[in-house]
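A short write-up of the structure that comes next.
Side-chain atoms are counted along with the backbone in the values below, which use heavy atoms only and exclude waters and symmetry mates. Each chain gets a letter, A, B and so on, in the order the sequences are listed, and its residues count up from 1.
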Amino acid sequence: MLDPHLLRTELDHVKKELMRRNFVLDADTYAALETQRKAIQITTQELQNQRNSGSKLIGQAKAKGDDVQPLMDEIQHLGDLLKTAETELADVQAKMSEIAEGIPNILDSSVPNGKSEEDNQEIYRWGDVPAFNFTPKDHVDLGEKLKGINFELGVKIASARFVVLTGALARLQRAIIQLMLDTHLNDHGYEETYVPFLANAESLRGTGQLPKFEADLFKASDSPALYLIPTAEVPVTNIVRDTIVDAKALPLKYVCHSPCFRSEAGAYGRDVRGMIRQHQFEKVELVQIVRPEDSQQTHEELTQHAENILKKLKLPYRKVLLCAGDTGFSSSKTYDLEVWLPGQGAYREISSCSNFKDFQARRLQARWRNPETGKPELVHTLNGSGLAAGRTLIAVMENYQDAQGSVRVPEALQPYMGGLKVIEGRV
RNA sequence: GGAGAAAUGGCCGAGCGGCUGAAGGCGCUCCCCUGCUAAGGGAGUAUGGGCUUUAACUCCCAUCGAGGGUUCGAAUCCCUCUUUCUCCGCCA
């Protein structure tokens with residue numbers, strides 16, 4: 001959510017900023033509501049004031065034993081007026097917050113203009129794209145040959161966009177997750193967390209998935225309303241909802257492995273082959289809660305932490321700064337890390353690292369006590385995949401394949417595979 | 001799942017329908033005092049909004065788990081919900 005103060009005082013500026021996202025803010029409607037709100041709030045509070053002071057007089061008169069009836073007659077009628085005013089006020093406020101909750105974050109000034117992924121800005125590439133003296137297979141063919149990835153079983157047990165992993169490949173995914181967790185714990189100083197995989201509406205509202213993107217979620221229960229988490233960002237960031245964090249405790253650095261569930265409602269026909277786009281996938285998520293002045297720097301560091309995993313696995317990737325049109329609703333600035341997939345001959349997203357600044361914090365009422373002002377102030381929140389485990393598995397398979405269709409185990413993963421160096425096809 | 005009890009500031013804890021945004025204690029901050037320490041004395045110590053076309057102060061409004069209701073007036077009375085605790089049952 002944006003600062004209501006900003007919406008009040010610099011509405012035109014906000015509108016102009018949001019144009020970069022192709023988001024059209026109905027400023028006139030909002031401004032009209034704001035004018036109404038102000039007027040109604042003033043009358044409401046004036047009425048409340050009259051009632052309060054009148055009631056106080058009655059109390060005092062009663063204590064003295066005076067006749068109270070005339071006073072009571074005087075303020076009795078206020079009740080109805082107040083009720084009307086209060087209802088009207090609540091109504092206007094509800095309308096305003098409905099609009100406000102649907103407004104995306106203002107982009108950082110460093111975010112380039114652009115409409116779609118094509119306008120994203122490549123920052124740099126890392127690693128050498130492997131040269132094969134044979135035609136590299138994609139992970140679907142490799143997985144079939146290695147008898148470790150089975151999409152038919154996913155369909156049988158659940159539906160399309162689910163998968164069953166077995167044997168060494170299932171273990172390889174777990175090894176990848178272990179490597180990531182250990183790296184973030186030991187090298188990057190994160191704290192491991194274990195969280196609910198179902199989240200309530202309030203939590204999802206806090207991180208920005210609700211109310212606007214309910215269609216992307218799986219709802220698991222109606223009362224209470226619970227949703228399968230689309231990312232660990234939701235439960236982990238909500239750790240600080242409605243809290244005032246001690247300044248000395250910042251930054252909070254959490255790492256969390258979790259499954260993620262996405263309905264992929266808008267993705268019919270996209271990435272139907274393979275496990276690029278699944279309803280359920282594993283991810284290791286990094287979340288940081290920081291002082292506002294630190295978030296810019298933290299964003300760079302957090303992205304670096306995700307990159308370090310790719311480097312440990314020696315997977316070629318590129319770092320991309322998302323353009324205005326491709327940056328997510330809650331984010332002010334996002335770097336994507338895209339890993340090279342030989343099977344597709346393309347770079348594909350494997351991590352997304354975002355600085356939300358105070359956008360989520362305001363929805364979450366996540367604050368810290370600034371020692372300089374002594375006042376509670378909003379924190380900044382950031383997160384990034386470090387990394388998506390399913391896609392990492394794919395990337396390892398495709399980049400480490402040989403002509404026989406076997407997959408070498410990257411050195412960094414061998415300790416987690418009981419020393420196994422090569423995954424070979426089996427009968 | 002059944003029965004009962006409870007929910008008040010950073011924490012503990014009081015609170016008869018009116019003078020209670022809230023006693024008292026602890027903690028914390030500042031000041032005073034005493035070589036140091038300990039002890040002692042004094043003052044202060046919730047959040048959000050009205051609120052910006054200077055800001056601060058004063059002022060006004062809201063908030064005692066949440067939401068409704070009764071009333072001129074609710075922390076206090078009534079209803080619903082949530083959560084926590086105790087006992088029973090069930091369970092990895």
Give, for atom [atom1] of [X] and atom [atom2] of [Y], the distance between the pair rounded to the nearest 0.5 Å.
{"X": "Thr193(A)", "Y": "Ile239(A)", "atom1": "OG1", "atom2": "CD1", "answer": "5.5 Å"}
{"X": "Asn238(A)", "Y": "Leu204(A)", "atom1": "CG", "atom2": "CG", "answer": "7.5 Å"}
{"X": "Leu341(A)", "Y": "Arg348(A)", "atom1": "CG", "atom2": "CZ", "answer": "7.0 Å"}

Heavy atom of residues 5-17 of chain A under 4.0 Å from RNA chain B: which residues?
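Heavy-atom contacts with RNA chain B come from His5(A), Arg8(A).
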Per the under-4.0 Å heavy-atom filter, residues of residues 191-200 of chain A near RNA chain B come out as none
I'd like the [atom1] distance from [M] over to [N], given in whole Å.
{"N": "rA5(B)", "M": "rC19(B)", "atom1": "C1'", "value": "33 Å"}
{"N": "rG44(B)", "M": "rA23(B)", "atom1": "P", "value": "12 Å"}
{"N": "rA62(B)", "M": "rG67(B)", "atom1": "P", "value": "14 Å"}
{"N": "rG15(B)", "M": "rA74(B)", "atom1": "C1'", "value": "13 Å"}
{"N": "rU54(B)", "M": "rU34(B)", "atom1": "P", "value": "49 Å"}
{"N": "rU58(B)", "M": "rG50(B)", "atom1": "C1'", "value": "14 Å"}
{"N": "rG40(B)", "M": "rG21(B)", "atom1": "C1'", "value": "31 Å"}
{"N": "rC57(B)", "M": "rG65(B)", "atom1": "P", "value": "29 Å"}

Within this structure, what is the [atom1]-to-[atom2] distance between [X] and [N], rounded to whole angstrom?
{"X": "Glu34(A)", "N": "rU53(B)", "atom1": "CD", "atom2": "C1'", "value": "14 Å"}
{"X": "Ile58(A)", "N": "rU71(B)", "atom1": "CD1", "atom2": "P", "value": "14 Å"}
{"X": "Asp242(A)", "N": "rG9(B)", "atom1": "CG", "atom2": "P", "value": "14 Å"}
{"X": "Ile244(A)", "N": "rA46(B)", "atom1": "CD1", "atom2": "P", "value": "12 Å"}
{"X": "Gln93(A)", "N": "rG50(B)", "atom1": "CD", "atom2": "P", "value": "10 Å"}
{"X": "Arg362(A)", "N": "rG49(B)", "atom1": "CZ", "atom2": "C1'", "value": "15 Å"}
{"X": "Asp3(A)", "N": "rG48(B)", "atom1": "CG", "atom2": "P", "value": "12 Å"}
{"X": "Lys375(A)", "N": "rU47(B)", "atom1": "NZ", "atom2": "C1'", "value": "9 Å"}

Please tabulate, one pair per line, each protein N/O and nucleotide N/O from nucleotides 54-61 of chain B that are separated by under 3.5 Å, including the distance.
from    : atom 1 : to       : atom 2 : distance (Å)
rC60(B) : O3'    : Asn49(A) : OD1    : 3.3
rC61(B) : OP1    : Asn49(A) : OD1    : 3.4
rC61(B) : OP1    : Asn52(A) : ND2    : 3.2
rC61(B) : O3'    : Gln48(A) : OE1    : 3.3
rC61(B) : O2'    : Gln48(A) : OE1    : 2.7

Quick test of your reading of the model: are Lys95(A) and Glu98(A) salt-bridged, counting only N-O distances below 4.0 Å?
no
Looking at Arg205(A) and Glu202(A), is any side-chain nitrogen of the basic one under 4.0 Å from a carboxylate oxygen of the acidic one?
yes
Within residues 358-373 of chain A or reaching into it, pairs that qualify as salt bridge (charged side-chain N to carboxylate O under 4.0 Å, His left out) - sequence neighbours excluded
Asp358(A)-Arg362(A)
According to a strict under-4.0 Å criterion, is [X] in side-chain N/O contact with OP1 or OP2 of [N]?
{"X": "Lys38(A)", "N": "rC51(B)", "answer": "yes"}
{"X": "Arg37(A)", "N": "rG50(B)", "answer": "yes"}
{"X": "Arg367(A)", "N": "rG48(B)", "answer": "yes"}

For Glu117(A), I'd like to know if atom CD has over 12 heavy atoms of other residues, nucleotides or ligands within 6.0 Å.
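No, not enclosed.
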Does a sphere of radius 6.0 Å around NZ in Lys314(A) hold more than 12 heavy atoms from other residues, nucleotides or ligands, not counting ones at 6.0 Å or beyond?
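At most 12 heavy atoms, drawn from other residues, nucleotides or ligands, come within 6.0 Å of this atom.
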As a quick check of understanding, evaluate side-chain hydrogen bond (donor to acceptor under 3.5 Å, both in side chains) for Thr381(A) and Gln360(A), giving each step before the final call.
CA-CA 7 Å; Thr381(A) 63; Gln360(A) 290 183 328; 2.7 Å; yes
Under the side-chain hydrogen bond (donor to acceptor under 3.5 Å, both in side chains) test against Tyr335(A), which residue among Lys319(A), Glu300(A), Gln121(A), His299(A) passes?
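Of the listed residues Lys319(A), Glu300(A), Gln121(A), His299(A), the side-chain hydrogen bond (donor to acceptor under 3.5 Å, both in side chains) partner of Tyr335(A) is Glu300(A).
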Spell out, as yes or no, whether a donor-acceptor pair under 3.5 Å connects the side chain of Arg161(A) to the backbone of Arg277(A).
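Yes; judged by distance alone, with no hydrogens or angles, the pair exists.
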Anything below 3.5 Å on both distances counts as a pair; with that, list the stems of at least three consecutive Watson-Crick or G-U pairs involving RNA chain B.
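When the pairs of RNA chain B are grouped into runs of at least three, the stems are B:1-7 with B:82-88, B:10-12 with B:24-26, B:27-32 with B:40-45, B:46-50 with B:59-63, B:65-69 with B:77-81.
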Pair up each side-chain donor or acceptor in residues 405-417 of chain A with any protein partner under 3.5 Å, not counting sequence neighbours, and list the distances.
from      : atom 1 : to        : atom 2 : distance (Å)
Gln414(A) : NE2    : Val409(A) : O      : 3.0
Tyr416(A) : OH     : Asp182(A) : OD2    : 2.7

Taking the six-membered ring for Trp, are Phe261(A) and Phe197(A) closer than 6.0 Å centroid to centroid?
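That pair fails the under 6.0 Å test.
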Taking the six-membered ring for Trp, are Tyr190(A) and His188(A) parallel (under 30°), tilted (30 to 60°) or perpendicular (over 60°)?
perpendicular
Return the orientation label for the His279(A) and Phe218(A) ring planes: parallel under 30°, perpendicular over 60°, tilted otherwise.
perpendicular
Of Gly59(A) and Lys83(A), the one whose nearest nucleotide on RNA chain B sits closer to the 5' end is Gly59(A)
